[in-house]
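So that the names make sense, note that chain A is the first sequence line, chain B the second, and so on, each numbered from 1. This is a predicted model, so every value here is computed, not measured.
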Amino acid sequence: MPEGHTIHRLAADHLSRFGGRAVRATSPQGKFADGAALVDGQVMETAEAHGKHLFLGFPGSTWIHIHLGLFGKLGFGTAPAPPPAETVRLRLADTEAYADLRGPTTCALLTDGDKRAIHARLGPDPLRGDDGERAWRRVSRSRSSVAALLMDQKVVAGVGNVYRAEVLFRHGIDPYRAGRDLTRTEWDAIWADLATLMREGVRNNRIDTVRPEHTPEAMGRPPRVDDHGGEVYVYRRTGMPCHICGGEVRTAGLAARNLFWCPGCQPG
DNA sequence: GGACCATGTCTAC
DNA sequence: TAGACCTGGTCCC
(Lines give C-alpha, C1' and ligand atoms only; values in the text may rest on other atoms or scores of the structure.)
Protein backbone atom coordinates (compact mmCIF):
# COMPACT_ATOMS: atom_id res chain seq x y z
CA MET A 1 0.00 0.00 0.00
CA PRO A 2 2.23 2.59 -1.43
CA GLU A 3 2.80 6.28 -1.49
CA GLY A 4 5.38 7.95 -3.69
CA HIS A 5 8.34 7.03 -1.51
CA THR A 6 7.60 3.32 -2.05
CA ILE A 7 7.57 3.72 -5.83
CA HIS A 8 10.86 5.63 -5.92
CA ARG A 9 12.33 2.94 -3.76
CA LEU A 10 11.02 0.25 -6.12
CA ALA A 11 12.56 2.03 -9.11
CA ALA A 12 15.94 1.98 -7.38
CA ASP A 13 15.46 -1.65 -6.36
CA HIS A 14 14.71 -2.66 -9.96
CA LEU A 15 17.77 -0.82 -11.22
CA SER A 16 20.09 -2.37 -8.69
CA ARG A 17 18.88 -5.88 -9.46
CA PHE A 18 18.11 -5.81 -13.16
CA GLY A 19 19.65 -2.62 -14.58
CA GLY A 20 21.74 -3.40 -17.68
CA ARG A 21 20.74 -7.05 -17.59
CA ALA A 22 18.53 -9.20 -19.77
CA VAL A 23 15.41 -10.35 -17.91
CA ARG A 24 12.90 -13.08 -18.44
CA ALA A 25 9.36 -11.71 -18.28
CA THR A 26 6.27 -13.82 -17.75
CA SER A 27 2.68 -13.26 -16.65
CA PRO A 28 1.63 -16.31 -14.62
CA GLN A 29 -1.81 -14.78 -14.11
CA GLY A 30 -2.10 -14.18 -17.86
CA LYS A 31 -3.43 -10.61 -17.85
CA PHE A 32 -0.11 -9.21 -19.07
CA ALA A 33 0.93 -12.15 -21.23
CA ASP A 34 1.30 -10.17 -24.47
CA GLY A 35 3.30 -7.40 -22.82
CA ALA A 36 5.55 -9.81 -20.99
CA ALA A 37 6.25 -11.68 -24.24
CA LEU A 38 7.35 -8.43 -25.89
CA VAL A 39 10.01 -7.56 -23.30
CA ASP A 40 11.03 -11.15 -22.50
CA GLY A 41 14.79 -11.51 -22.94
CA GLN A 42 15.34 -7.73 -23.31
CA VAL A 43 17.77 -5.64 -21.28
CA MET A 44 16.24 -3.40 -18.63
CA GLU A 45 17.93 -0.10 -19.44
CA THR A 46 16.45 2.14 -16.79
CA ALA A 47 13.79 2.49 -14.12
CA GLU A 48 12.20 5.66 -12.84
CA ALA A 49 9.30 6.92 -10.77
CA HIS A 50 7.06 9.96 -10.95
CA GLY A 51 4.65 10.20 -8.05
CA LYS A 52 3.04 6.77 -7.68
CA HIS A 53 3.86 5.69 -11.24
CA LEU A 54 6.73 3.30 -11.97
CA PHE A 55 8.37 3.05 -15.41
CA LEU A 56 10.73 0.26 -16.43
CA GLY A 57 12.65 1.07 -19.62
CA PHE A 58 13.53 -1.45 -22.34
CA PRO A 59 15.15 -1.08 -25.78
CA GLY A 60 13.16 0.53 -28.57
CA SER A 61 11.55 3.17 -26.34
CA THR A 62 9.39 0.51 -24.76
CA TRP A 63 8.24 1.00 -21.18
CA ILE A 64 6.44 -1.13 -18.68
CA HIS A 65 4.15 1.21 -16.78
CA ILE A 66 3.10 0.04 -13.32
CA HIS A 67 0.68 1.65 -10.90
CA LEU A 68 0.11 -0.36 -7.75
CA GLY A 69 -3.13 1.31 -6.76
CA LEU A 70 -4.38 0.56 -3.29
CA PHE A 71 -3.70 -3.17 -3.27
CA GLY A 72 -0.76 -3.75 -5.56
CA LYS A 73 2.48 -5.22 -4.29
CA LEU A 74 5.94 -5.81 -5.67
CA GLY A 75 8.11 -8.34 -3.93
CA PHE A 76 11.72 -9.30 -4.64
CA GLY A 77 13.49 -12.57 -4.05
CA THR A 78 16.75 -14.34 -4.76
CA ALA A 79 17.09 -16.86 -7.59
CA PRO A 80 16.05 -19.57 -8.08
CA ALA A 81 12.50 -18.24 -8.14
CA PRO A 82 9.84 -20.55 -6.72
CA PRO A 83 6.82 -21.47 -8.85
CA PRO A 84 4.77 -18.28 -9.06
CA ALA A 85 1.40 -17.87 -7.38
CA GLU A 86 -1.55 -17.63 -9.78
CA THR A 87 -2.07 -14.01 -8.80
CA VAL A 88 1.31 -12.83 -10.09
CA ARG A 89 0.62 -10.40 -12.93
CA LEU A 90 4.26 -10.02 -13.92
CA ARG A 91 7.40 -11.87 -12.95
CA LEU A 92 10.80 -10.49 -13.96
CA ALA A 93 13.76 -12.74 -13.35
CA ASP A 94 17.40 -13.25 -14.18
CA THR A 95 20.04 -15.59 -12.84
CA GLU A 96 20.37 -13.64 -9.58
CA ALA A 97 16.94 -12.34 -8.60
CA TYR A 98 13.25 -12.17 -9.36
CA ALA A 99 10.44 -9.68 -8.81
CA ASP A 100 6.74 -10.55 -8.54
CA LEU A 101 4.01 -7.98 -9.21
CA ARG A 102 0.52 -8.63 -7.84
CA GLY A 103 -2.74 -6.75 -7.87
CA PRO A 104 -1.70 -3.57 -9.66
CA THR A 105 -4.24 -1.11 -10.97
CA THR A 106 -2.06 -0.74 -14.07
CA CYS A 107 0.55 -2.90 -15.77
CA ALA A 108 0.86 -1.97 -19.42
CA LEU A 109 3.34 -1.31 -22.21
CA LEU A 110 3.91 2.29 -23.23
CA THR A 111 5.67 4.15 -25.99
CA ASP A 112 7.73 7.26 -25.27
CA GLY A 113 4.76 9.38 -26.29
CA ASP A 114 2.40 7.57 -23.93
CA LYS A 115 4.88 8.05 -21.13
CA ARG A 116 5.28 11.77 -21.83
CA ALA A 117 1.51 12.16 -21.62
CA ILE A 118 1.51 10.63 -18.14
CA HIS A 119 4.28 12.95 -16.95
CA ALA A 120 2.34 15.87 -18.39
CA ARG A 121 -0.75 15.19 -16.36
CA LEU A 122 1.14 14.69 -13.10
CA GLY A 123 2.11 17.53 -10.83
CA PRO A 124 5.61 18.16 -9.48
CA ASP A 125 7.07 15.41 -7.33
CA PRO A 126 9.08 16.33 -4.21
CA LEU A 127 11.18 13.23 -4.81
CA ARG A 128 12.18 14.26 -8.32
CA GLY A 129 13.77 17.42 -7.00
CA ASP A 130 10.92 19.57 -8.33
CA ASP A 131 10.29 22.85 -6.54
CA GLY A 132 6.90 23.80 -5.11
CA GLU A 133 6.32 26.77 -7.41
CA ARG A 134 4.02 25.07 -9.92
CA ALA A 135 2.04 23.46 -7.12
CA TRP A 136 1.73 26.79 -5.33
CA ARG A 137 0.19 28.39 -8.43
CA ARG A 138 -2.66 25.86 -8.22
CA VAL A 139 -2.97 25.76 -4.45
CA SER A 140 -3.05 29.52 -4.03
CA ARG A 141 -5.94 29.88 -6.50
CA SER A 142 -8.05 27.02 -5.22
CA ARG A 143 -11.12 27.05 -3.05
CA SER A 144 -10.64 23.32 -2.37
CA SER A 145 -9.36 22.25 1.02
CA VAL A 146 -5.65 21.81 1.44
CA ALA A 147 -6.38 18.19 2.40
CA ALA A 148 -8.00 17.54 -0.98
CA LEU A 149 -5.31 19.46 -2.87
CA LEU A 150 -2.48 17.44 -1.33
CA MET A 151 -4.10 14.22 -2.54
CA ASP A 152 -4.65 15.57 -6.07
CA GLN A 153 -1.86 14.07 -8.18
CA LYS A 154 -2.15 16.92 -10.69
CA VAL A 155 -1.15 19.31 -7.89
CA VAL A 156 1.50 17.24 -6.09
CA ALA A 157 2.58 13.82 -7.33
CA GLY A 158 3.33 11.13 -4.79
CA VAL A 159 1.55 12.31 -1.65
CA GLY A 160 -0.99 9.82 -0.25
CA ASN A 161 -3.21 9.61 2.78
CA VAL A 162 -0.42 9.14 5.34
CA TYR A 163 1.84 11.98 4.22
CA ARG A 164 -1.17 14.25 3.79
CA ALA A 165 -2.36 13.74 7.36
CA GLU A 166 1.10 13.92 8.85
CA VAL A 167 2.46 16.96 7.04
CA LEU A 168 -0.65 18.98 7.91
CA PHE A 169 -0.26 17.99 11.54
CA ARG A 170 3.43 18.90 11.56
CA HIS A 171 2.56 22.39 10.35
CA GLY A 172 -0.49 22.87 12.57
CA ILE A 173 -2.77 23.39 9.58
CA ASP A 174 -6.49 22.66 9.66
CA PRO A 175 -7.10 20.19 6.81
CA TYR A 176 -10.30 22.01 5.83
CA ARG A 177 -8.59 25.34 5.15
CA ALA A 178 -8.90 26.39 1.53
CA GLY A 179 -5.74 26.33 -0.53
CA ARG A 180 -6.06 30.02 -1.32
CA ASP A 181 -6.08 30.81 2.40
CA LEU A 182 -2.59 29.39 2.89
CA THR A 183 0.32 31.79 2.96
CA ARG A 184 3.29 31.35 0.68
CA THR A 185 5.44 30.78 3.74
CA GLU A 186 3.18 27.98 4.95
CA TRP A 187 3.18 26.30 1.55
CA ASP A 188 6.95 26.52 1.16
CA ALA A 189 7.39 24.91 4.57
CA ILE A 190 4.95 22.12 3.68
CA TRP A 191 6.73 21.44 0.40
CA ALA A 192 10.19 21.37 1.96
CA ASP A 193 8.94 19.10 4.71
CA LEU A 194 7.35 16.70 2.21
CA ALA A 195 10.66 16.43 0.39
CA THR A 196 12.49 15.68 3.63
CA LEU A 197 9.93 13.18 4.95
CA MET A 198 9.56 11.37 1.65
CA ARG A 199 13.32 11.11 1.11
CA GLU A 200 13.58 9.56 4.53
CA GLY A 201 10.70 7.26 3.56
CA VAL A 202 12.66 6.06 0.52
CA ARG A 203 15.72 5.44 2.67
CA ASN A 204 13.91 3.54 5.44
CA ASN A 205 11.14 2.00 3.34
CA ARG A 206 8.53 3.20 5.83
CA ILE A 207 6.84 6.39 6.90
CA ASP A 208 8.10 8.04 10.07
CA THR A 209 7.01 11.55 10.83
CA VAL A 210 7.47 12.01 14.57
CA ARG A 211 10.15 14.54 15.47
CA PRO A 212 12.92 13.34 17.78
CA GLU A 213 11.65 15.50 20.65
CA HIS A 214 8.22 13.85 20.43
CA THR A 215 9.23 10.20 20.49
CA PRO A 216 7.91 8.18 23.44
CA GLU A 217 11.42 7.93 24.88
CA ALA A 218 11.93 11.69 24.68
CA MET A 219 8.55 12.31 26.31
CA GLY A 220 9.02 9.66 28.97
CA ARG A 221 6.16 7.47 27.75
CA PRO A 222 5.95 3.74 26.99
CA PRO A 223 7.25 2.74 23.55
CA ARG A 224 4.69 2.24 20.78
CA VAL A 225 4.64 0.93 17.23
CA ASP A 226 1.89 2.03 14.91
CA ASP A 227 0.45 -0.95 13.09
CA HIS A 228 1.51 0.16 9.61
CA GLY A 229 5.16 0.00 10.69
CA GLY A 230 6.12 3.65 11.19
CA GLU A 231 5.86 6.30 13.84
CA VAL A 232 3.17 8.87 13.13
CA TYR A 233 1.22 11.64 14.85
CA VAL A 234 -2.35 11.19 13.64
CA TYR A 235 -2.70 8.68 10.78
CA ARG A 236 -5.11 5.90 11.87
CA ARG A 237 -4.95 7.06 15.49
CA THR A 238 -8.65 7.94 15.70
CA GLY A 239 -9.83 8.44 19.27
CA MET A 240 -6.34 8.14 20.70
CA PRO A 241 -4.68 11.03 22.54
CA CYS A 242 -2.57 13.41 20.50
CA HIS A 243 1.13 12.98 21.30
CA ILE A 244 1.49 16.74 21.77
CA CYS A 245 -1.69 18.20 23.30
CA GLY A 246 -3.33 15.03 24.60
CA GLY A 247 -6.59 15.88 22.80
CA GLU A 248 -8.47 13.25 20.84
CA VAL A 249 -7.36 12.54 17.27
CA ARG A 250 -10.33 12.82 14.94
CA THR A 251 -11.29 11.21 11.67
CA ALA A 252 -13.72 12.15 8.92
CA GLY A 253 -14.48 11.09 5.38
CA LEU A 254 -13.17 13.43 2.71
CA ALA A 255 -13.58 12.53 -0.95
CA ALA A 256 -14.01 8.81 -0.14
CA ARG A 257 -10.85 8.66 1.96
CA ASN A 258 -10.23 8.83 5.68
CA LEU A 259 -8.84 12.09 6.96
CA PHE A 260 -7.09 12.22 10.34
CA TRP A 261 -6.20 15.31 12.33
CA CYS A 262 -5.93 16.80 15.82
CA PRO A 263 -8.34 19.73 16.28
CA GLY A 264 -6.27 20.96 19.21
CA CYS A 265 -3.01 21.25 17.28
CA GLN A 266 -4.64 22.10 13.92
CA PRO A 267 -7.28 24.68 14.84
CA GLY A 268 -9.68 25.98 12.22
C1' DG B 1 -14.91 -19.40 5.80
C1' DG B 2 -16.70 -14.84 5.39
C1' DA B 3 -16.97 -9.89 6.28
C1' DC B 4 -14.46 -5.98 6.33
C1' DC B 5 -10.78 -2.89 5.69
C1' DA B 6 -6.67 -0.63 3.45
C1' DT B 7 -0.95 4.18 2.14
C1' DG B 8 -5.38 4.55 -5.14
C1' DT B 9 -7.70 5.93 -9.18
C1' DC B 10 -11.16 5.92 -12.78
C1' DT B 11 -15.88 6.19 -14.49
C1' DA B 12 -20.79 6.80 -14.58
C1' DC B 13 -24.69 9.19 -12.77
C1' DT C 1 -20.43 10.93 -4.86
C1' DA C 2 -21.16 5.96 -5.39
C1' DG C 3 -19.42 2.03 -7.40
C1' DA C 4 -15.94 -0.60 -9.61
C1' DC C 5 -11.51 -2.80 -9.61
C1' DC C 6 -7.06 -5.31 -8.21
C1' DT C 7 -5.26 -8.49 -3.32
C1' DG C 8 -4.25 -9.83 1.23
C1' DG C 9 -4.39 -9.29 6.22
C1' DT C 10 -7.21 -9.33 10.31
C1' DC C 11 -10.98 -10.26 12.95
C1' DC C 12 -15.10 -12.76 14.04
C1' DC C 13 -18.17 -16.74 13.71
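- A/F71 qualifies as a stacking partner of the C/dT7 base, centre to centre under 5.5 Å and near-parallel within 30°.
- Remark: the separation of the P atoms in C/dG3 and B/dC4 is 14 Å, to the nearest Å.
- Here B/dG8 is the nucleotide among B/dG8, B/dT7, C/dC6 with the atom lying nearest to any side-chain atom of A/K52.
- Rounded to whole Å, atom P of B/dG8 lies 12 Å from atom CG of A/L150.
- Rounded to whole Å, the P atom of C/dG8 lies 23 Å from the corresponding atom of B/dC10.
- In this structure, the CZ atom of A/R257 is 15 Å from the P atom of C/dT1, given to the nearest Å.
- Distance CZ/A/F260 to CZ/A/R164: 9.0 Å, rounded to 0.5 Å.
- Within the structure, a side-chain polar atom (N or O) of A/N258 is placed less than 4.0 Å from OP1 or OP2 of B/dA6.
- Residue A/Y235 has a polar side-chain atom (N or O) positioned under 4.0 Å from OP1 or OP2 of B/dT7.
- Side-chain N/O atoms of A/H67 include none lying less than 4.0 angstrom from OP1 or OP2 on B/dG8.
- Atom NE2 of A/H50 is separated from atom P of B/dT9 by 12 Å (rounded to the nearest Å).
- Counting any heavy atom pair closer than 4.0 Å across all strands shown, A/Q29 reaches sugar-phosphate atoms only and no base atom.
- Ring pair A/H243/A/F169: centre-to-centre distance not below 6.0 Å.
- Atom CE in A/M151 sits about 13 Å away from atom P in B/dC10, given to the nearest Å.
- Under a 4.0 Å N-O distance rule, the pair A/R184/A/E133 qualifies as a salt bridge.
- Taking atom CD1 on A/I207 and atom C1' on B/dG8, their separation rounds to 13 Å, with Å as the unit.
- Among the protein residues, A/T87 comes within range of the sugar-phosphate backbone only, with heavy atoms under 4.0 Å from sugar or phosphate atoms but none that close to a base.
- Using a 3.5 Å distance cut-off with no hydrogens or angles, the side chains of A/H65 and A/D114 do not pair a donor with an acceptor.
- Atom CG of A/L74 and atom C1' of C/dT7 are 13 Å apart (whole Å).
- In this structure, the CZ atom of A/R89 is 7 Å from the C1' atom of C/dC6, given to the nearest Å.
- Counting heavy atoms of neighbouring residues, nucleotides and ligands inside a 6.0 Å radius, atom CZ of A/R24 does not exceed 12 of them.
- Residue-level contact check: A/K31 touches the backbone only, with heavy atoms under 4.0 Å from sugar-phosphate atoms and none from bases.
- A/G103 comes within contact range of at least one nucleobase, with a heavy-atom separation under 4.0 Å.
- Residue-level contact check: A/R121 touches the backbone only, with heavy atoms under 4.0 Å from sugar-phosphate atoms and none from bases.
- If you measure from atom NE2 of A/H65 to atom C1' of B/dT9, you get 11 Å, rounded to the nearest angstrom.
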